[in-house]
Amino acid sequence: MSLPLFETARAHRERTALADPDDPVAFGDLLDRSAAGATRLLAGRDDLEGARVAILVTPGRAWVEAVWAVWRAGGVAVPLAQAHPEPELAYALDDAEPEAVVADPELVDRIAGVARSRRIPVLQTPALFRDGPSGALTEPDPGRAALMLSTSGTTGRPKGVVLTHANLEAQTTSLRSAWGWSEEDRILLTLPLHHVHGIVNVLLCALRSGARCDVLPGFGAEAVWDRFARGGLTLYMAVPTVYRRLIQAWEVADDPTRARWSQGAATLRLMVSGSAALPVPTLERWEEITGHRLLERYGMTEIGMALSNPLDGERRAGHVGRPLPGVEARLVDEDGRTVPTGEAGTIQVRGPGVFQEYWRRPEATREAFTDDGWFHTGDRAVVQSGAWRILGRESVDILKSGGEKISALEVEDVLRGDAEVEDCAVVGVPDPEWGERVCAAVVLRAGSDPDGEVAPRLRARARSHLAPWKVPKEVRVLEELPRNAMGKVQKPRIARIFQDDPETLP
Ligand code: MCA
Ligand code: AMP
């Protein structure tokens, strides 16, 4: 049996799959080098049988080769965020228990210590993919786990979302059809490769279509505009913060540069926004300067993409369209009953793209689904004249900053580890750049110096424990946290404190 992704690659052996960032890489190269990598990972075995392999690799050819090698050896790829400090990497390794880590030489130092202390070998790119003895590879059954992505929840530390090969095939099939992908497409990838957005919507859709993906190792506004201006691209996908940054770069550019950038952007056939609400002013300004009305869609790590505005037809501002092909979506009330048309409810989703399980968390998996297989997203929405509109999340403890999901509770746990912090509350404050910015209100223990260097110290503490996007942008000391009559902290009130007075402490 062969997976459709690799069938496509075989059928397109000579064609360019990636430009990394300028050097072309053919589908055949990716196949040959990932086969060599798979053989090395197998080390004489027939099948990794679902063993996890962590990937700490910069977006580009080595990332694809590493993930394909893991898949072709029968393993589960666990992409790690490059920006993670050691404690996050340690947590990821302890949770996934990979049998190996694949890392770029320039990233090895970040993970070598935590891997060594857990006796996990670190295999380096590109040596892993060099020519060598290549054994016969039996590709895994589509029902087997392929990818484990980390997601923040309302309880405890991040959970591993396990997606099967069949899930990934269903997700890419749905998007390829809805957004009209063909092998003639050429997409620019600037998103990180530890999320569905970059991995599935951009990279896997391109590879599965026999299309081409031009990779930049990270986002930079001028580099993206220059790439648009060079021509040849047909697609771009990003989070709202990225479109805002691109607009800001355009606003400060001189007239000839603006003209060149705008003309380049206008040659693409489609630009997509998602992962967080797209502010209407961003949608409108982008349309003015590029002629593109962004196609906004809605998704989640556990389900891939669920709702999308149409490729052809009206893309209504502030709305995310309707269910994608192969996706069932409905709105329910607190008792799980479908709400009448026009009323708000919580989105539930069902379909072949929906994930298999939370890694080693059967209880959390059970709670996330209804008995008849609907996944409860926790996002509220309403359908208005046929188009879905996202209203926000049920939980105040899940924040979204620059497209990254953050658990307020996880940040609070880290801040509480400071000897002077008696209590704290982390909130998401509406922010034009980030969507929401992470802010922390803290109450100090009696006898602590409220004028001391509390904010920088707590931010430094957060930075050493957590991914950069989880670090509070602002920290304020309060006498006490506002609570309701039941003693529950009133987070919306705390968020208003930061809105009314955005000054940080020194
Ligand atoms: C970086 N910083 C952030 C973020 N990213 N702070 C808050 N939120 C963030 N997302 C910090 C940096 O550490 C730095 O802190 C300061 O902000 C400025 O950094 P800068 O270099 O300007 O940021 P950047 O590295 O350019 O990153 C911004 C970014 C990036 C390009 C918007 O965050 C990004 O690529 N976001 C997309 C994430 C994504 O793919 N999400 C999809 C998941 P300091 O100055 O203190 O050092 S959702 C998903 O997959 C579902 C399925 C879906 O629907 O799509
Ligand atoms: P993640 O769990 O990181 O995959 O993020 C998924 C979450 O991002 C969803 O549950 C939504 O809260 C949010 N999201 C994704 N797309 C949109 C969108 N177009 N509008 C509003 N929120 C979105």
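Both counts, for ligands and for their atoms, begin at 1 and track the order of listing.
The nearest heavy-atom contact from the protein to atom 41 (N) of ligand 1 is G403 O, 3.0 Å. Of the protein's non-hydrogen atoms, K405 NZ, 2.9 Å is the one closest to atom 2 (O) of ligand 2. In this structure, the protein non-hydrogen atom closest to atom 6 (C) of ligand 2 is G299 O, 3.5 Å. Of the protein's non-hydrogen atoms, R463 NH1, 3.4 Å is the one closest to atom 47 (O) of ligand 1. Nearest non-hydrogen protein atom to atom 21 (C) of ligand 2 is A277 N, 3.3 Å. The protein non-hydrogen atom at the shortest distance from atom 19 (N) of ligand 2 is R297 O, 2.7 Å. The single protein non-hydrogen atom nearest to atom 35 (O) of ligand 1 is P192 CD, 3.4 Å, given as residue, atom name and distance. Nearest non-hydrogen protein atom to atom 12 (C) of ligand 1 is P468 CB, 4.3 Å. Residue, atom and distance of the protein heavy atom nearest to atom 17 (C) of ligand 2 are A276 N, 3.6 Å. Considering only non-hydrogen protein atoms, atom 12 (O) of ligand 2 sits nearest to D379 OD1, 2.7 Å. Nearest protein heavy-atom neighbour of atom 5 (O) of ligand 2: K400 NZ, 2.7 Å. Shortest contact from atom 39 (C) of ligand 1 to any protein heavy atom: H195 CD2, 3.5 Å. At the top of the distance list for atom 5 (N) of ligand 1, counting protein heavy atoms only, stands W434 CZ3, 3.9 Å. Of the protein's heavy atoms, T301 OG1, 3.4 Å lies nearest to atom 1 (P) of ligand 2.
Under the 3.5 Å distance criterion, with hydrogens and angles disregarded, a donor-acceptor pair is assigned to the side chains of R208 and T8. Side-chain atoms of S150 and Y91 form no donor-acceptor pair, as typed in the model, at a separation below 3.5 Å. In the model, W181 has no side-chain atom that pairs as donor or acceptor with a side-chain atom of T172 under 3.5 Å. Checked by atom type, the side-chain pair T125/E65 shows no donor-acceptor distance below 3.5 Å. Of the N and O atoms on the side chains of S262 and W250, at least one donor lies less than 3.5 Å from an acceptor on the other residue. Defined by atom type and a distance below 3.5 Å, a donor-acceptor pair is present between the side-chain atoms of W261 and D226. T346 and E394 are linked by a side-chain donor-acceptor pair at a separation below 3.5 angstrom, with hydrogens and angles left out of the test.
The distance from ligand 1 to the heavy atoms of L191 drops below 4.0 Å at these ligand atoms: 40 (O). Of all the atoms in ligand 1, the ones that sit under 4.0 Å from a non-hydrogen atom of G402 are 10 (N), 33 (O), 36 (N), 37 (C), 38 (C). Under a 4.0 Å criterion applied to the non-hydrogen atoms of S401, ligand 1 contributes the atoms 7 (C), 8 (N), 9 (C), 10 (N). Close approach of ligand 2 to T151 (heavy-atom distance below 4.0 Å) involves ligand atoms 2 (O). Here is the list of ligand 1 atoms found below 4.0 Å of a heavy atom in T241: 32 (C). Each of the atoms 54 (O) of ligand 1 lies under 4.0 Å from some heavy atom of G299. Set against the non-hydrogen atoms of K400, the atoms of ligand 1 under 4.0 Å away are 48 (S). Short contacts between ligand 1 and K473, defined as distances under 4.0 Å to a heavy atom of the residue, involve ligand atoms 3 (C), 6 (N), 7 (C), 11 (C), 17 (O). Listed by atom number, the atoms of ligand 1 under 4.0 Å from H197 heavy atoms are 42 (C), 50 (O), 55 (O). Residue E296 has at least one heavy-atom neighbour below 4.0 Å for each of these atoms of ligand 2: 18 (C), 19 (N), 20 (N). The ligand atoms of ligand 2 that sit less than 4.0 angstrom from a heavy atom of V320 are 19 (N).
Using cut-offs of 30° and 60° for the angle between ring planes, the F355 and F369 rings count as parallel.
For H194, the heavy-atom gap to ligand 1 stays at 4.0 angstrom or more. Between T377 and ligand 2 there is no heavy-atom distance shorter than 4.0 Å. For V196, the heavy-atom gap to ligand 2 stays at 4.0 angstrom or more. Heavy atoms of R297 approach ligand 1 to within less than 4.0 angstrom.
Nearest residue to atom 42 (C) of ligand 1 from G198, G218, S275 is S275 (criterion: closest heavy atom). Distances from atom 16 (N) of ligand 2 to the heavy atoms of G153, S150, P240, S275 put S275 nearest. The option from R245, M300, R244, E404 that lies nearest to atom 51 (C) of ligand 1, judged by heavy atoms, is M300.
The nearest protein heavy atom to atom 3 (C) of ligand 1 is closer than 4.0 Å. Proximity of atom 14 (C) of ligand 1 to the protein is not indicated, since no non-hydrogen protein atom lies closer than 4.0 angstrom. Within the 4.0 angstrom cut-off, atom 45 (O) of ligand 1 has no protein heavy-atom neighbours. Shown here, atom 25 (O) of ligand 1 is out of close reach of the protein: none of its heavy atoms lies under 4.0 Å off. At a distance under 4.0 Å, no protein heavy atom can be found next to atom 21 (O) of ligand 1.
Between T301 and ligand 1, a contact under 3.5 Å exists for no N or O pair. Polar contact check, G274 against ligand 1: no nitrogen or oxygen pair lies under 3.5 Å apart. Considering backbone and side-chain atoms together, H195 places no N or O closer than 3.5 Å to any N or O of ligand 2.
Taking a cutoff of 4.0 Å between a charged side-chain nitrogen and a carboxylate oxygen, E404 and K400 do not qualify as a salt bridge. The residues K491 and E412 are annotated as salt-bridged, a charged nitrogen and a carboxylate oxygen being separated by less than 4.0 angstrom. Using a 4.0 Å cut-off between a side-chain N of Lys or Arg and a carboxylate O of Asp or Glu, R315 and E296 do not qualify as a salt bridge. A salt bridge between D379 and R393 is present, with a side-chain N of the basic residue lying under 4.0 Å from a carboxylate O of the acidic one.
Smallest separation of non-hydrogen atoms from L216 and A223: CD1-CB, 4.1 Å. The nearest pair of heavy atoms linking H292 to A265 is NE2-O, 2.9 Å. The two residues I55 and A66 make their nearest non-hydrogen contact at CD1-CB, 4.0 Å. Looking at every heavy atom in both residues, L283 comes nearest to L294 through CD1-O, 3.7 Å. Between H465 and E88 the shortest heavy-atom distance is O-CG, 3.4 Å. The shortest non-hydrogen separation linking A368 to Y358 is CB-CE1, 3.9 Å.
In this structure a side-chain-to-backbone donor-acceptor pair under 3.5 Å is present from R110 to Q82.
Within 6.0 Å of CD on E222 lie no more than 12 heavy atoms contributed by other residues, nucleotides or ligands.
Between L391 and R389 there is a side-chain heavy-atom pair separated by less than 4.5 Å. Inter-residue side-chain proximity for V242 and V239 is flagged as met; some heavy-atom pair is nearer than 4.5 Å.
With a heavy-atom cut-off of 4.0 Å, M305 touches ligand 1 through its side chain alone.
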